[in-house]
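All remarks here apply to the structure that follows.
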Amino acid sequence: MTLEQASISLSDFAYPQICRSFTISRTAFHSLPNRQKTNCLPRPSLWFRESDYSRQPIAISAVSEGKRSEGVTENSDQPVRIVAVVEEGSISPLKSAPWEEVMRHTAKRLKWADERYDMLVFTDNFCQLNDEMAENLQRELRHADILVVVSVTSQESVDFIQDHVSSIPNVICFESSAALMNKLGGSLINNEMRGNMSSKIAEIFQSGKESGKVEVIRTITEAWDRHNSDDIRFCLLVVINAYIRPVPILKNLRSKGFSTLSCMVRNCGPQILNCLFDPNCRKALQCLNNCSPVDQVCNYRCIASYESPSLEAFSLCVLQKNNCLQLDAKIPETPCVPPMVKFRGFELCHEAAEDLFVGWLGNLDWSWRVVAGQNPAYDQFPCQYQLFYRGKARGSFWYEPVFQVRTLNGQVVWRRRRYRVKRGTIPGTFYFSVLDNGVVSNEYWTIVDVADDLSWGLFHYHGAARVAGQSYTGAVLVSPDGQCPNGREDPRLASALGKCGIEDWELFTVDNRSCQDPPLMIPEGSSFHCRVIKGFHAQAPQDNRVAKSERQLGCRVIRSDRIA
């Protein structure tokens, strides 16, 4: 076999979208009042040795430096002013949440990226506005950097918007009248073709003009079409990053040019050749090259479908060991999500917090099953099992997610990862680290709340794969059987979601219908509960295993279950 026969060139390796694997982790939320960021996310100078553990995140590419508007400035303390206009009463695809509610929530989430991003949301009932409100809207439109129009179709509303957009440099219209025009960087996206961005992108590509804007248009169009809260916010961040000023959380995602390819060839020649000659590795990279840089689900499915030792060695060399992409992502400090402080009236200590993670393991073959997750890329895989257990070494604690992947070639396969877990400063907080497909990821987890009968739990996470340039946050709702808890409308669960800044319509329901024969064995010599609450094990779901012994309560060491 020759390199030509492999039908892939070195240029295909220039910017591989190395993606992050599943964990119960990933997305951002608002800061809580009266809490300092440094107290919310304490971290030592080094959590784990990156040579030991890691996770692999998906790259979300923003606009490269060479395609940024000349008006973009690196340093500006001026706020970014955004106005959103939605049709009154319009319903979104996000579990039928009103578009007005979705966009107001987006305005909050923009603040988590930068406090200087200000977005005001108006409905299009212009004829019903009093003089003061109408004047306020018109004033905001005169000073807006970005106008976002969502689901506006009435002619009266279209006429009003057209009369007030001339001074706005960036106008993006989604699911709205074709009569509305889009602008980026002060110029129309297509001078001949006006209308909705999604419907006109083909003509823009065919024209061959405005190549810099095409990348932005494609990025935000594909993101918007996924209809989730993460990508709606991301659309706005991409426009800010491209035409107003650099967005800090996107700074790692800009092309570094020839230096990347030079680093790869100089340091990772054998790994590149091995990948070229390995069918799965070659398919993985070809698959990744066909994904949109921002399509995290597509990127992950490529990795999960074609995992191989050659792909892991390639990623380990290019990213982890040599950082050829020159990236350095940080774990987000927002949202600041506090851990639960008491369980069944008892102060939560470190050992009891670990036992809440261990959950049903011992009565069942797993600790928890994921009911729903917030992050659109990583928390919606079918049949997600969580295994938390204590290792043989003193003080060691481990987490292994087992989850199902429906591969691109039509197969259904099980995947498994192994995370080292260490206690955080505050009981109920933890540091996770994993090596996944050659890339190290570190995460900060919080036990937000667990029901007294262990019928549900809510876990939140912040994370980053430093050398992959990816940071992420999110949360998962878990139960013993993977079914929605009976108390889904319970005020306590609603309060827990609120602490994370999550709306119920943001959660993705996990498909737990076909989960036969999951590989759930844990290492010999592992143990379960150590310090537990009296009656910790409530009635387990049907087909549970019988608990080995009764357990006592309190933050005091008693006998733990151990696998012989």
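The figures here come from the full heavy-atom set of this structure, side chains too, leaving out hydrogens, waters and symmetry mates. Computed from a prediction, not measured in an experiment: that's the story for all the values here.
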Step by step, would you call Met340 with Leu348 a side chain to side chain contact (heavy atoms under 4.5 Å, CB included)? CA-CA 8 Å; Met340 64 186 302; Leu348 194 69; 3.8 Å; yes

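- The two residues Ile91 and Pro98 make their nearest non-hydrogen contact at CD1-CA, 4.2 Å.
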Go through the steps to decide whether Glu354 and Arg423 satisfy the test side chain to side chain contact (heavy atoms under 4.5 Å, CB included), and finish with yes or no. CA-CA 9 Å; Glu354 290 174 345; Arg423 297 172 180 174; 2.9 Å; yes

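- Taking the side chain as every heavy atom from C-beta outward, Arg417 and Asn437 approach each other to under 4.5 Å.
- Not one N or O on the side chain of Thr509 forms a donor-acceptor pair closer than 3.5 Å with the backbone of Ala372.
- Legend: disulfide bond (SG atoms under 2.5 Å apart) pairs involving residues 410-468, not counting sequence neighbours: none detected.
- In summary, the aromatic rings of Tyr444 and Phe430 are positioned with their centroids too far apart to meet the 6.0 Å limit.
- Side-chain contact between Gln404 and Val412: present, with at least one pair of heavy atoms (C-beta onward) separated by less than 4.5 Å.
- Not a single ring pair (Phe, Tyr, Trp, His ring centres under 6.0 Å) links Tyr306 to another residue, sequence neighbours left out.
- Distance alone, capped at 3.5 Å, is enough to place a donor-acceptor pair between the Ser396 side chain and the Ala393 backbone.
- For the pair Arg233 and Trp112, the tightest heavy-atom approach, listed with the atom from each and the gap, is NH1-CB, 4.1 Å.
- With hydrogens and angles disregarded, a donor-acceptor distance shorter than 3.5 Å links the side chain of Asn241 to the backbone of Val247.
- Considering all non-hydrogen atoms of both residues, Leu236 and Val148 come closest at CD2-CG2, 3.3 Å.
- A donor-acceptor pair under 3.5 Å is absent between the side-chain atoms of Thr446 and the main chain of Val448, judged by distance alone.
- The structure places CG of Asn442 at 13.0 Å from OG of Ser471, a figure rounded to the nearest 0.5 Å.
- Using a 4.5 Å heavy-atom threshold, the side chains of Val510 and Val371 count as separate.
- Here the CE atom belonging to Met103 is positioned 8.5 Å from the CZ atom belonging to Phe174, to the nearest 0.5 angstrom.
- Put simply, the side chain of Val402 reaches to within 4.5 Å of the side chain of Leu520, judged on heavy atoms.
- Remark: Asn375 CG to Leu507 CG distance equals 11.5 Å, nearest 0.5 Å.
- With hydrogens and angles ignored, the 3.5 Å screen pairs a side-chain donor or acceptor of Arg109 with a backbone N or O of Ser229.
- Residues Ser441 and Tyr472 are in side-chain contact: their nearest non-hydrogen atoms beyond the backbone lie under 4.5 Å apart.
- A donor-acceptor pair under 3.5 Å is formed between the side chain of Asn512 and the backbone N or O of Gly482.
- When side chains are defined from C-beta on, Leu361 does not count as touching Trp368, because their heavy atoms never get closer than 4.5 Å.
- Shown here are the salt bridge (charged side-chain N to carboxylate O under 4.0 Å, His left out) partners of Arg394, two or more places apart in sequence or in another chain: there are none.
- Checked for salt-bridge contact, Arg406 and Asp511 meet the test: a charged N lies under 4.0 Å from a carboxylate O.
- With rounding to the nearest 0.5 Å, the separation of CG in Leu237 from CG in Asp230 is 10.5 Å.
- Formation of a donor-acceptor pair under 3.5 Å by the Asp231 side chain with backbone atoms of Phe234 is not found in this model.
- Using a distance-only test at 3.5 Å, with no hydrogens or angles considered, a donor-acceptor pair links the side chain of Glu506 to the main chain of Glu503.
- In summary, Arg492 and Asp490 do not engage in a salt bridge, as defined by a charged side-chain N under 4.0 Å from a carboxylate O.
- Here the shortest heavy-atom pairing between Trp99 and Val150 reads CD2-CG1, 3.5 Å.
- Contact annotation: the side chain of Pro335 approaches that of His462 to within less than 4.5 Å [non-hydrogen atoms, C-beta and beyond].
- Note that CH2 of Trp414 is 10.5 Å distant from CZ of Phe403, once rounded to the nearest 0.5 Å.
- For residues 372-408, the disulfide bond (SG atoms under 2.5 Å apart) pairs, not counting sequence neighbours, are Cys383-Cys515.
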Go through the steps to decide whether Arg390 and Ser526 satisfy the test side chain to side chain contact (heavy atoms under 4.5 Å, CB included), and finish with yes or no. CA-CA 6 Å; Arg390 291 176 167 85; Ser526 302; over 6 Å; no

Determine, stepwise, if the pair Ser367 / Phe528 fulfils side chain to side chain contact (heavy atoms under 4.5 Å, CB included). CA-CA 9 Å; Ser367 299; Phe528 303 157; over 6 Å; no

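- Counting only residues at least two apart or on different chains, the salt bridge (charged side-chain N to carboxylate O under 4.0 Å, His left out) pairs with a member in residues 396-405 are Glu400-Arg416, Glu400-Arg418.
- Smallest separation of non-hydrogen atoms from Met119 and Ala84: SD-CB, 4.1 Å.
- Heavy atoms of other residues, nucleotides or ligands lying less than 6.0 angstrom from NZ of Lys111 number more than 12.
- Using a 4.5 Å heavy-atom threshold, the side chains of Ile303 and Leu311 count as touching.
- With sequence neighbours left out, Ser495 forms a side-chain contact (heavy atoms from CB on, under 4.5 Å) with Lys499.
- Counting only distance, with no hydrogens or angles, the side chain of Ser479 and the backbone of Pro485 share no donor-acceptor pair below 3.5 Å.
- The backbone N or O of Phe381 sits less than 3.5 Å from a side-chain atom of Gln384, completing a donor-acceptor pair.
- A donor and an acceptor atom, one from each side chain of Glu100 and His105, are nowhere located under 3.5 Å apart.
- Across Phe357, Tyr389, Phe459, Trp445, a single residue satisfies ring pair (Phe, Tyr, Trp, His ring centres under 6.0 Å) together with Tyr399, and that is Trp445.
- Between Leu454 and Phe343, the shortest heavy-atom contact is CD1-CZ, 3.9 Å.
- Within the model, atoms CG of Asp481 and CH2 of Trp366 stand 8.5 Å from one another, a figure rounded to the nearest 0.5 Å.
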